[in-house]
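The next block holds one structure in the form of structure tokens; read it before the comments.
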Amino acid sequence: MVRRPNDPEHSRFASLVLLLVALFSCLLVYAVVSTLLNPTVNPQDSSFESLESVAGIDFGEKKGECCRGIENLELWGAAVKWGSDFKFNSSVECCQACKAMCSGNDGPCLCDTWVFCGNKDACGSRFGECWLKKQKDTLCPDRQEAGQTVSWTSGIVFGKGEGIVEMETEYGTLHIKLFPDCAPYSVTYILELLTLRHCAGCQIYRAESRGQSWDSQGNHIKDASYGPPFALIQGILEAQGTPFKKIPMEVCPTIRRGSVAWIGSGPEFFISLANHEEWKNSYTVFGSVLSEDMEIAEKIAQLPTKSDVWNNINVSVLQRPIPLVMRRMKKSLGDVNTNMKSE
């Protein structure tokens with residue numbers, strides 16, 4: 001017997017079919033979008049976490065805050081996207097386009113340099129051009145020109161296994177992942193230090209443990225004080241004989257365990273041994289120590305110290321300062337495990 005279109009049983013069956021089709025469609029769309037925005041990480045294919053995971057920090061509340069470049073600078077390199085056919089309204093969009101080509105899990109980025117022309121008067125018909133490029137050496141980017149007459153803004157993006165430098169001390173080597181998209185001026189200075197054979201004057205001179213205020217993961221213990229001790233090691237990154245130019249305040253995410261940040265405009269810096277939410281956004285964070293190297297920082301924090309008073313604050317100063325040198329990474333990617341937890 002043929003059922004009528006308005007037959008109740010037929011209507012329920014038809015509704016069920018439509019519901020199943022709609023549900024399947026939603027699941028399919030969700031799967032596609034999830035794959036595009038958050039590719040699956042295969043730990044066997046990659047020795048390095050994403051920049052956010054390596055940092056172990058919050059990159060700021062505002063969208064695009066960690067997508068910065070240096071104005072009046074034109075970086076060179078092989079073009080992977082021609083700006084004449086690739087335009088945006090802002091440098092942030094240009095930076096994000098480069099990052100989108102750096103979301104894989106298999107090593108270096110397809111794009112590691114972005115160059116944007118954002119001054120309407122100076123750029124003329126080239127206004128909005130976004131050139132995406134690839135460097136031969138990301139730690140020594142090819143510079144075309146710089147100065148007030150240059151209308152371009154340029155930035156660097158480090159992929160997996162890139163942008164990691166060594167802070168070498170007698171107690172071990174700290175591997176630091178640099179954040180050029182958060183603190184481009186700071187990272188530029190660090191890259192300049194890599195060109196020096198020696199770094200006379202660069203040293204760590206203050207060391208304070210986590211004490212009873214923070215646990216081994218850097219979390220603050222409820223109702224405990226915030227110091228002293230202040231859970232950090234502090235030093236200076238200024239090579240004698242090399243003029244130091246003050247670094248402008250850049251993106252200042254919350255200090256997390258492992259964060260490497262300037263004090264003021266530098267060259268004094270510190271490495272945090274704990275999460276310091278109480279410091280808000282007071283310091284420019286330009287890198288983060290890889291998690292497995294934090295034991296070296298902890299070792300330094302336990303060295304003999306003497307008490308001192310700085311601006312009415314009790315501090316612990318090392319009895320013997322520790323010389324340090326900034327170098328390129330010597331180890332191969334497979335020798336360095338950067339399996340750090342993201343917040």
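Just so you know, residue 1 is the first one in the sequence shown, and it goes up from there. The analysis underlying the following values was restricted to heavy atoms, covering all of them including side chains, and did not include hydrogens, waters or symmetry mates.
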Determine, for Tyr171 and Lys299, whether the Lys NZ or Arg CZ falls below 6.0 Å from the six-membered ring centre while staying within 45 degrees of the axis. no

Pairwise side-chain contact, [X] with [Y], heavy-atom cut-off 4.5 Å (strictly under):
X: Trp214; Y: Leu273; result: no
X: Glu170; Y: Pro323; result: yes
X: Lys133; Y: Asp142; result: no
X: Leu232; Y: Arg206; result: yes
X: Leu237; Y: Ile190; result: yes
X: Ile204; Y: Ile300; result: yes
X: Phe230; Y: Ile313; result: yes
X: Cys111; Y: Lys81; result: no

Kindly say whether [Y] contributes a backbone atom to a donor-acceptor pair with the side chain of [X] at under 3.5 angstrom?
X: Asn281; Y: Cys252; value: yes
X: Tyr283; Y: Phe270; value: no
X: Asp112; Y: Phe158; value: no
X: Arg210; Y: Asp215; value: yes

Before giving the answer on side chain to side chain donor-acceptor pair (under 3.5 Å), spell out for Glu166 and Thr173 the whole-Å C-alpha distance, their side-chain angles and the decisive distance to 0.1 Å. CA-CA 6 Å; Glu166 295 183 343; Thr173 298; 4.9 Å; no

Residues pairing under ring-ring contact (aromatic ring centres under 6.0 Å, His included) where one sits in residues 292-328, two or more places apart or in two chains, turn out to be none

Is the Trp114 to Trp131 ring centre distance short of 6.0 Å? no

Same cluster or not: are Leu194 and Phe244 linked, directly or through other Ile, Leu, Val, Met, Phe, Trp or Tyr residues, by side-chain heavy atoms under 4.5 angstrom apart? yes

Checklist entry - With the 4.5 Å side-chain cut-off for hydrophobic clustering, are Met249 and Phe286 part of the same group? => result no

- Item | Trace of the disulfide (SG to SG under 2.5 Å) decision for Cys98 with Cys109 | CA-CA 9 Å; Cys98 185; Cys109 302; over 6 Å; no

List the atom pairs, with distances to 0.1 Å, where a side-chain N or O of residues 148-156 and a protein N or O form a donor-acceptor pair under 3.5 Å, not counting sequence neighbours.
residue: Ser154; atom: OG; partner: Leu73; partner atom: O; Å: 2.6
residue: Ser154; atom: OG; partner: Leu75; partner atom: N; Å: 3.1

Note to self: Taking the two cysteines Cys130 and Cys94, do their sulfur (SG) atoms come closer than 2.5 angstrom to each other?
What the structure shows: yes

Is Cys182 disulfide-linked to Cys66, taking SG-SG under 2.5 Å as the test?
yes

Disulfide (SG to SG under 2.5 Å) pairs touching residues 192-226, sequence neighbours excluded, are Cys199-Cys202

Only one of Val289, Asp293, Ile271, Leu193 passes side chain to side chain contact (heavy atoms under 4.5 Å, CB included) with Met167, and that residue is Ile271

Only one of Ile233, Val325, Leu324 passes side chain to side chain contact (heavy atoms under 4.5 Å, CB included) with Thr169, and that residue is Leu324

CZ of Phe88 to SG of Cys95, rounded to nearest 0.5 Å, is 11.0 Å

By disulfide (SG to SG under 2.5 Å), Cys123 pairs with (sequence neighbours left out) Cys117

Problem set entry | Lys/Arg-Asp/Glu bridge criterion (N-O < 4.0 Å) met for Arg256, Glu277 | yes

By salt bridge (Lys or Arg N to Asp or Glu O under 4.0 Å), Glu129 pairs with (sequence neighbours left out) Arg126

Quick note, side chain to side chain donor-acceptor pair (under 3.5 Å) partners involving residues 238-253, not counting sequence neighbours, are Ser186-Glu250

